[in-house]
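Residue numbers start from 1 in every chain, and the chains themselves are labelled A, B, ... in the order their sequence lines are given, proteins ahead of strands. For the numbers below, each heavy atom of this structure counts, side chains included, while hydrogens, waters and symmetry mates do not.
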2 protein chains.
Amino acid sequence: MTLNTLVDHSNCEDCPIRHRAVCARCDADELVALEEIKYYRSFEAGQTIIWSGDQMNFVGSVVSGIASLTQTMEDGRTQMVGLLLPSDFVGRPGRDSAPYDVQATTDVVMCCFRKKPFEDLMGSTPHIAHRLLQMTLDELDAAREWMLVLGRKTAREKIASLLSIIARRDASASQKGSSGPIVFDLPLTREAMADYLGLTLETVSRQISALKKDEVILLQGKRHVTVPDIGRLMEEAGDDSDGGFLV
Amino acid sequence: MTLNTLVDHSNCEDCPIRHRAVCARCDADELVALEEIKYYRSFEAGQTIIWSGDQMNFVGSVVSGIASLTQTMEDGRTQMVGLLLPSDFVGRPGRDSAPYDVQATTDVVMCCFRKKPFEDLMGSTPHIAHRLLQMTLDELDAAREWMLVLGRKTAREKIASLLSIIARRDASASQKGSSGPIVFDLPLTREAMADYLGLTLETVSRQISALKKDEVILLQGKRHVTVPDIGRLMEEAGDDSDGGFLV
DNA sequence: AGAAAACCTTGACCGAGATCAAGTGGACGC
DNA sequence: GCGTCCACTTGATCTCGGTCAAGGTTTTCT
């Protein structure tokens, strides 16, 4: 899923601009070229960034906040099909209309590039095209991993899977390497979690309570989560030992 | 889904070799270069083509038959995450190990390219890299469309969705354009359908019987299906009028 | 041909998760 | 401070699809 930070930032620490999702290696010329066609846009929590079917005249990446990709049936059933975290890429070079809604789950800042010049740049810069292919392959793997979650896991396993992804992402951001407890704030409402997991919000609530009761997680308030033992959480998720997810 | 024929073959009718999935426009030089590194492999129905985690030293495309991508949990629960039809591409340039099992659902012939030379070719031929990006984006869209099926549709809708995809693919192959009945043979066992839809085989069987009783489909034997009214079938699938699926 | 193995169907029953409904608790505006 | 709203929790009940079991049909093997 786009839950992964799709990019290796390790050799890119002092990148002068914010679209590191695209510039894996901070090549100076590419950065200058990108710099010239970029602009920022802000969105408030709850706002729809792109409607399914809309013309998309930009591509870009999330700078801060969390956006979600959702599909909706006529009768209102909705399924979240991806989460966009900071540095994740949005848009499909070569396509003109969006295949699903993109919504701001929290307040979001995006760094956008006008599509046409970006595509031109891609044509003349194989490195960017290659990077984009790698990112898209990662997203495809993550989407397929999520198909297993949606199709075959129980409600409890689904919740554990989601928490485990978020926990491990946060761990890699802050307490990387250490095997101590992981602490984070849930960036999603119960309803958003339900839409991601193919459940109802009541079931999400019940299963979170159950995991709390069994001390797989600790809660302070409704959103602040402590995971005392990530291994235990991953067992609950039914994942094989090392996780499988590309986080 | 890889259910789509991912490539526009329309201007490629007399393509002299079989990897049209890669050569969207039959550029002569590319074809010659690809020709030099290609070879064929055959697999029998039921055989595993690639094991999850295996080193993959080739990429390629399906020439005939149907292959499936599946993920399996330790306890044996399995979820099919993609169907590979003729012309669909297999492999991830730039990656060395396979993320899921690839199995021959029917007898399969694949046209393979050794990975290293193929990657070299990609580097020197932006056109191929671009094509591959487009194909991967299509697969990503299809995978996400399938997430809606897995997460939010009822058993009956799931079956109708699958039949509808197969029917429309077959229709575009044979009776294209015409609005008459569509006839095809199911290329999957009930169990494979169940694995694809996140159901049990009993439920698949029951729902197919129900669709037959309601005359949404007609059956001769267990596999030969007639769809008298594709619009009706798509209604049953819960798809919006024009389908959504990129077939 | 006959036996065995796949593959598929149908029935009876059960349970995980949905649905319906009420209530809690914190944030915010007045 | 108090009411209102929103996100969340919890309970009671129902239902869809899973599970277990038996039987039928087609294909394959000997």
Side-chain angles (χ1 to χ4, degrees), chain A residues 44-46 66 73 75-79 105-107 149-163 185-214 217-225 236 238, chain B residues 44-47 73 75-79 103-107 149-163 185-214 217-225 236 238:
Chain A
E44 291 178 9
I66 295 190
M73 298 172 65
D75 61 9
R77 281 177 280 176
T78 80
Q79 174 67 50
T105 294
T106 63
D107 289 352
V149 173
L150 291 175
R152 292 302 184 192
K153 290 196 179 178
T154 64
R156 173 182 261 245
E157 289 169 335
K158 285 178 175 183
I159 299 286
S161 297
L162 179 55
L163 292 178
D185 282 296
L186 275 176
L188 301 172
T189 64
R190 301 293 188 262
E191 187 178 24
M193 294 177 69
D195 282 343
Y196 201 25
L197 296 166
L199 299 170
T200 60
L201 69 93
E202 292 95 330
T203 299
V204 169
S205 184
R206 273 187 253 270
Q207 295 299 335
I208 287 181
S209 299
L211 289 175
K212 185 173 81 178
K213 185 166 75 64
D214 299 343
I217 59 172
L218 309 175
L219 277 182
Q220 285 141 309
K222 291 148 198 304
R223 299 284 191 97
H224 194 75
V225 180
E236 292 283 355
Chain B
E44 291 179 9
Q47 220 180 330
M73 297 171 66
D75 62 9
R77 281 176 281 176
T78 78
Q79 175 66 49
Q103 279 169 324
T105 294
T106 62
D107 289 351
V149 173
L150 291 174
R152 292 301 186 193
K153 291 195 179 181
T154 64
R156 173 182 261 241
E157 287 169 335
K158 285 178 174 182
I159 299 286
S161 296
L162 179 55
L163 292 177
D185 281 296
L186 274 176
L188 302 173
T189 65
R190 300 291 187 263
E191 187 179 24
M193 293 176 70
D195 282 342
Y196 202 23
L197 296 166
L199 298 170
T200 60
L201 69 91
E202 292 96 329
T203 299
V204 169
S205 185
R206 273 187 254 272
Q207 294 299 335
I208 288 182
S209 298
L211 288 174
K212 184 172 83 179
K213 186 165 74 64
D214 299 344
I217 58 172
L218 309 174
L219 277 183
Q220 285 142 312
K222 291 153 197 304
R223 300 286 192 93
H224 194 75
V225 179
E236 291 284 356

Q: Could I get the full list of side-chain hydrogen bond (donor to acceptor under 3.5 Å, both in side chains) partners for B:D107, not counting sequence neighbours?
A: none
Q | Closest-nucleotide 5' rank along DNA chain D - winner of A:R190 and A:R152 | A | A:R190
Q) Do B:V225 and B:L219 come close enough that some side-chain heavy atom pair is under 4.5 Å? A) yes
Q) Which whole-number value in Å describes the distance from B:L197 CG to D:dG18 P? A) 10 Å
Q: Nearest whole angstrom, please: distance from the P of D:dG18 to the CG of B:L201.
A: 10 Å
Q) So do the side chains of B:V204 and B:E191 get within less than 4.5 Å of each other, counting heavy atoms only? A) no
Q. What bend angle does the helix from C:dA1-D:dT30 to C:dC30-D:dG1 show across its length, from five-pair end axes and to the nearest 10 degrees?
A. 40°
Q: Tell me, please, which residues at least two apart from B:T106 pass side chain to side chain contact (heavy atoms under 4.5 Å, CB included).
A: B:I66, B:V108
Using atom names, set out every protein N or O paired with an N or O of nucleotides 21-30 of chain D below 3.5 Å, distance rounded to 0.1 Å.
none

Q. Is any side-chain N or O of A:S205 closer than 4.0 Å to OP1 or OP2 of D:dT9?
A. yes
Q. If you look at every strand shown and take non-hydrogen atoms under 4.0 Å, does A:T200 touch a base, only sugar-phosphate, or nothing?
A. base
Q. Going by heavy atoms in the side chains, are A:T189 and A:R223 under 4.5 Å from each other?
A. yes
Q) What is the distance from NZ of B:K153 to C1' of D:dG17, rounded to the nearest Å? A) 18 Å
(Q) Just to verify, what does A:T78 make a side-chain hydrogen bond (donor to acceptor under 3.5 Å, both in side chains) with, not counting sequence neighbours? (A) A:D195
Q. By salt bridge (Lys or Arg N to Asp or Glu O under 4.0 Å), which residues pair with A:D185, not counting sequence neighbours?
A. none
Q: Name all residues meeting the side chain to side chain contact (heavy atoms under 4.5 Å, CB included) criterion together with A:T203; count only those two or more places apart in sequence or in a different chain, and write none if there are none.
A: A:A155, A:L199, A:T200, A:Q207
Q. Taking all atoms of both residues into account, what is the closest heavy-atom pair of B:M193 and B:I208, and its distance?
A. CE-CD1, 3.9 Å
**Q.** Which residues share a side chain to side chain contact (heavy atoms under 4.5 Å, CB included) with B:T154, sequence neighbours left out
**A.** A:R77, B:R156, B:E157
Q: Please list residues of residues 206-214 of chain B whose heavy atoms come under 4.0 Å from any atom in DNA chain C, ordered by number; otherwise none.
A: B:R206, B:S209
Q) A:G198 near the nucleic acid: base, sugar-phosphate alone, or nothing, with a heavy-atom cut-off under 4.0 Å? A) sugar-phosphate
Q | side-chain hydrogen bond (donor to acceptor under 3.5 Å, both in side chains) partners of A:S205, counting only residues at least two apart | A | none
(Q) Under 4.0 Å from a heavy atom of chain A: give me the 5'-most and 3'-most nucleotides of DNA chain C that qualify. (A) C:dG17 to C:dC20
**Q.** Heavy-atom side-chain proximity of A:L162 to A:V149 below 4.5 angstrom
**A.** no
Q.
When you measure from the side-chain N and O atoms of A:R223 to the phosphate of D:dC8, is any distance below 4.0 Å, counting only OP1 and OP2?
A. yes
Q) Can you find a pair of side-chain heavy atoms, one from A:E202 and one from A:R190, that are under 4.5 Å apart? A) no
